[in-house]
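One structure is given here, and the rest of the page talks about it.
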Amino acid sequence: GCFDEFNRIPVSVLSVCSTQYKSVLDAIRARKVRFMFGDVEIALRPTIMAFITMNPGYPGRAELPESLKALFRPVSMVVPDLIIICEIMLMAEGFT
């Protein structure tokens with residue numbers, strides 16, 4: 001799943017998310033077919049993954065708890081330089 005602007009969720013809810021997602025990752029690492037999610041046993045697909053997006057620095061955004069940060073790998077995104085992209089595409093077509 002992809003969860004957009006994850007850091008808009010209240011810190012108390014993020015703490016619960018951390019515990020729940022860790023239980024899923026632990027089950028994947030243990031190569032379980034079924035596992036207990038809370039008090040319900042569910043089937044596990046080992047190919048699942050979760051992605052979160054965050055826009056830090058805006059009002060109303062919370063800092064993620066360390067326990068939750070540890071479960072995700074950071075990736076930084078920047079706005080692409082469209083001028084350079086267009087120049088390269090034109091050069092590839094033979095324009096100089």
Side-chain angles (χ1 to χ4, degrees):
C2 185
F3 303 95
D4 192 25
E5 294 198 28
F6 203 68
N7 56 333
R8 292 183 73 180
I9 299 172
V11 176
S12 58
V13 177
L14 288 175
S15 178
V16 173
C17 292
S18 172
T19 304
Q20 291 178 336
Y21 189 55
K22 184 173 182 329
S23 71
V24 173
L25 291 178
D26 290 344
I28 291 171
R29 287 184 189 111
R31 302 183 187 275
K32 293 185 177 181
V33 177
R34 301 186 65 79
F35 76 109
M36 293 300 292
F37 186 75
D39 55 356
V40 178
E41 184 178 7
I42 62 172
L44 177 66
R45 291 185 181 173
T47 57
I48 64 99
M49 189 48 58
F51 301 92
I52 61 173
T53 65
M54 300 186 335
N55 294 313
Y58 290 98
R61 303 313 200 270
E63 184 70 24
L64 290 185
E66 290 299 321
S67 59
L68 191 55
K69 279 185 189 178
L71 301 177
F72 291 94
R73 292 182 183 167
V75 175
S76 295
M77 307 273 302
V78 295
V79 177
D81 188 334
L82 295 178
I83 293 173
I84 292 176
I85 292 171
C86 290
E87 286 177 2
I88 291 170
M89 289 175 71
L90 288 169
M91 283 183 198
E93 294 294 327
F95 294 92
T96 56

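- In this structure, F37 and S23 approach most closely via the heavy-atom pair CD1-OG, 3.8 Å.
- The heavy-atom pair separating M49 from Y21 by the smallest distance is SD-OH, 3.6 Å.
- Atom NZ of K22 has 12 or fewer neighbouring heavy atoms from other residues, nucleotides or ligands inside a 6.0 Å radius.
- In R34, the CZ atom is crowded: over 12 heavy atoms of neighbouring residues, nucleotides or ligands sit closer than 6.0 Å.
- In this structure, I83 places its CD1 atom where only 12 or fewer heavy-atom neighbours from other residues, nucleotides or ligands lie under 6.0 Å away.
- Annotation for E93: atom CD does not count as buried by contact number, only 12 or fewer foreign heavy atoms lying within 6.0 Å.
- R8 places a side-chain heavy atom less than 4.5 Å from the side chain of R61.
- Across all their heavy atoms, A50 and F3 have their closest contact at CB-CE1, 4.2 Å.
- We find the CD1-CE distance between I9 and M54 to be 11.0 Å, quoted to the nearest 0.5 Å.
- Separation of atoms CG (D39) and CD (E41) is listed at 12.0 Å; rounding is to 0.5 Å.
- Interatomic distance, T53 OG1 to N7 CG, rounded to the nearest 0.5 Å: 8.0 Å.
- For the atom pair L25 CG and I48 CD1, the distance stands at 6.5 Å (nearest 0.5 Å).
- Proximity of L14 to F6: side-chain heavy atoms (C-beta onward) are separated by under 4.5 Å at one or more points.
- Clustering ILVMFWY residues whenever any of their side-chain heavy atoms sit less than 4.5 angstrom apart, transitively, puts L44 in the very cluster that holds V40.
- Hydrophobic cluster membership is shared by V13 and L71, with clusters built from Ile, Leu, Val, Met, Phe, Trp and Tyr side chains linked at under 4.5 angstrom.
- A donor-acceptor distance shorter than 3.5 angstrom exists from the side chain of T19 to the backbone of S15, with no hydrogens or angles considered.
- Residues I52 and L68 have side chains not in contact (no heavy-atom distance under 4.5 Å, counting atoms from C-beta outward).
- No continuous path of ILVMFWY side-chain contacts below 4.5 Å connects I85 to M91, so the two sit in separate hydrophobic clusters.
- Annotation: side chain of S12 is not in contact with side chain of V16 (no heavy-atom distance under 4.5 Å).
- Closest approach of F35 to A27, counting heavy atoms only: CG-CB, 3.6 Å.
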